Amino acid sequence: MELKDKTKITFHSGILTIGGTVIEIAYKDAHIFFDFGTEFRPELALPDEQLQTLVDNGLVPRLKNIYDPRLSYSYQGEENQTFRHTAVFLSHVHLDHSKMINYLDPAIPLYTLKESKDILTFLNREGEFLLPSPFEETNYTRPMIGLEKGAMIQVGEIQVEVVPVDHDAYGASALLIHTPDSFITYTGDLRLHGHNSEDTKRFCEKAKHTDILMMEGVSISFPERPTDPKQIKIMSEEDLVQQMVRLVDANQNRQITFNGYPANVLRFEKIVDASPRTVVLEAKMAALILEVLGKQVAYYYLPHDKEITHLDKKLEISYEVLRNDQSQYLWQVVDHFEELLPNGLYIHSDAQPLGEFDPNYRIFLDLLASHQIEFVRLACSGHAFPDDLKQIIAWIEPKCLVPIHTLHPEKLENPFGERILPHRGESLYL
């Protein structure tokens with residue numbers, strides 16, 4: 001058999017780091033890539049985020065005939081093969097998996113679950129989420145092909161099944177990849193403690209005895225952190241919702257506001273359903289809930305917001321009513337914190353700014369404190385806990401394990417077969 005007729009996996013990036021996973025699988029004249037994000041390294045203080053700058057600083061990999069040919073980028077690598085069939089797959093919307101999709105050649109199809117497509121378009125509605133294309137409008141999001149759960153895509157002789165998994169970004173998926181000689185699995189980001197944990201379990205059943213399991217390991221990357229006195233320890237999404245209810249019940253006659261990460265639409269829905277008070281969301285978030293989950297919820301507009309015509313007008317609550325409320329509503333606040341009543345309670349649930357690594361976090365806490373607003377953090381990881389990573393491996397029993405998306409891949413073991421710890425840019429032939 002000629003070497004070109006074997007399955008080839010190239011680990012372009014996402015090795016010994018969290019984020020920026022770009023992996024290529026090639027067979028004969030076809031190849032696919034997943035995902036298409038960037039590494040997060042603010043300490044580099046780059047002068048810009050142009051493609052060549054990102055490549056030169058190692059935040060995205062050198063790729064041939066994959067980036068938009070109109071961009072100022074010169075490929076300098078060893079790849080000399082040409083392909084008739086190319087496709088890119090996104091596992092979910094987080095920036096470390098999606099940020100550079102506007103730099104992708106417009107002629108290359110980009111696949112993801114339809115929920116991820118809707119959420120990503122929403123997050124980039126102001127053009128401030130993804131890297132912008134210099135050839136399009138500011139809020140441009142390049143076309144994506146939104147798939148149904150379990151969809152099968154054929155790229156040359158490579159078949160890809162897109163399978164939902166549980167993650168804090170709704171619409172997350174894993175990939176089951178079949179070539180004529182191999183069965184390869186990519187987990188994307190996943191966990192067992194969310195509302196859709198059964199999705200992860202079903203994925204594991206489908207991936208049973210895969211030849212190669214490429215698995216995220218975010219939770220094994222860090223030593224256990226000191227307890228944050230402002231953060232209530234949460235072990236599951238259900239626990240988070242119950243803690244939110246407890247806080248609302250314990251703070252009668254007090255203004256209560258909150259915010260969360262918009263991609264976690266299921267968390268918002270569960271809070272709406274469980275809260276003792278009427279939950280009121282910012283109109284744009286309510287529109288996203290309607291788009292993705294088909295559910296109408298109470299909402300409000302900030303002054304000068306544009307009306308969203310497909311929201312139910314009967315569910316609109318006045319901003320002025322919310323600003324002066326201390327007993328009836330639990331409402332989402334994303335800005336203008338200085339307009340809240342003093343002595344209120346604000347619940348921070350994986351919203352921006354995310355934590356101490358973000359320089360805006362301390363500024364944000366000081367702003368709330370200056371207005372006498374109590375801050376409570378309710379956070380729930382989007383990644384499987386270390387013991388759950390072991391359980392997922394045990395369910396799948398992979399012939400070979402490749403830990404990725406982690407600072408310490410050596411901590412993940414495979415009792416069922418081989419383990420490979422690749423280097424960035426390394427290729428593996430099956």
Side-chain angles (χ1 to χ4, degrees), residues 166 168 170 191 193-197 227-283 285-286 288-290 293 295-300 312 314-355 361 364-365 367-382:
D166 185 65
D168 60 341
Y170 190 69
R191 61 182 179 177
H193 55 270
H195 295 296
N196 288 333
S197 60
T227 302
D228 182 349
K230 292 293 185 181
Q231 181 173 345
I232 299 171
K233 189 172 183 179
I234 301 292
M235 297 304 295
S236 70
E237 287 285 344
E238 183 60 37
D239 184 22
L240 185 145
V241 173
Q242 291 175 2
Q243 291 289 353
M244 181 83 78
V245 170
R246 183 188 65 78
L247 285 169
V248 173
D249 280 337
N251 288 275
Q252 303 292 325
N253 301 314
R254 191 179 189 191
Q255 186 172 73
I256 308 177
T257 57
F258 80 105
N259 196 16
Y261 185 56
N264 198 338
V265 294
L266 203 54
R267 181 183 297 178
F268 278 89
E269 181 191 39
K270 297 295 185 181
I271 291 171
V272 168
D273 290 343
S275 172
R277 296 189 184 189
T278 300
V279 177
V280 185
L281 303 181
E282 186 192 31
M285 188 67 217
L288 179 62
I289 298 284
L290 178 60
L293 300 178
K295 183 170 186 171
Q296 293 272 12
V297 298
Y299 65 93
Y300 74 96
D312 186 345
K314 296 178 182 178
L315 295 177
E316 181 183 351
I317 307 296
S318 162
Y319 179 55
E320 287 304 314
V321 167
L322 295 171
R323 280 186 59 198
N324 293 288
D325 174 72
Q326 298 185 71
S327 60
Q328 188 172 354
Y329 300 107
L330 167 65
W331 55 293
Q332 180 192 14
V333 177
V334 301
D335 204 350
H336 303 293
F337 295 92
E338 69 281 357
E339 297 183 6
L340 299 177
L341 297 176
N343 301 313
L345 173 67
Y346 169 78
I347 304 169
H348 191 72
S349 186
D350 293 315
Q352 295 288 346
L354 282 174
Y361 188 67
F364 173 66
L365 294 182
L367 172 65
L368 292 180
S370 69
H371 288 81
Q372 299 176 314
I373 299 170
E374 181 183 357
F375 173 92
V376 174
R377 186 177 180 191
L378 290 183
C380 182
S381 175

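Predicted, not measured: the structure shown is a model, and the values here were computed from it. Reckoned from all heavy atoms, side chains included, excluding hydrogens, waters and symmetry mates.
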So do the side chains of [X] and [Y] get within less than 4.5 Å of each other, counting heavy atoms only?
X      : Y      : value
Tyr299 : Glu282 : no
Gln243 : Leu240 : no
Glu374 : Leu368 : no
Leu293 : Tyr170 : yes
Phe258 : Ile271 : yes
Arg191 : Glu237 : yes
Gln328 : Val321 : no
Val241 : His195 : yes

Taking all non-hydrogen atoms of both residues, which atom of [X] and which atom of [Y] are closest, and how far apart?
X      : Y      : value
Ala274 : Val245 : O-CG2, 3.5 Å
Asn259 : Val333 : CB-O, 3.4 Å
Ile317 : Val280 : CG1-CG2, 4.0 Å
Gln332 : Val334 : NE2-CG1, 3.7 Å
Ile234 : Ala379 : CB-O, 3.2 Å

* For the rings on Tyr346 and Phe364, is their centre-to-centre separation under 6.0 Å? -> yes

Under 3.5 Å, side chain of [X] to main-chain N/O of [Y], donor-acceptor pair present?
X      : Y      : answer
Asp166 : Gly194 : yes
Gln252 : Asp249 : yes
Asp350 : Cys380 : yes
Asn264 : Arg267 : yes

First locate atom [atom1] of [X], then atom [atom2] of [Y], and finally report the distance between them rounded to the nearest 0.5 Å.
X      : Y      : atom1 : atom2 : answer
Leu330 : Leu322 : CG    : CG    : 10.5 Å
Leu247 : Leu345 : CG    : CG    : 6.0 Å
Leu378 : Gln242 : CG    : CD    : 12.0 Å
Asn251 : Ser327 : CG    : OG    : 12.5 Å
Met244 : Arg277 : CE    : CZ    : 12.0 Å
Asp239 : His193 : CG    : NE2   : 10.5 Å

* Over 60° means perpendicular and under 30° means parallel, so classify the ring planes of His348 and Tyr361, tilted if in between. => tilted

* Could you check whether the rings of Tyr319 and Trp331 sit parallel, tilted or perpendicular, using 30° and 60° as the cut-offs? => perpendicular

* Side-chain donor-acceptor pair under 3.5 Å between Gln326 and Asn253, yes or no? -> no

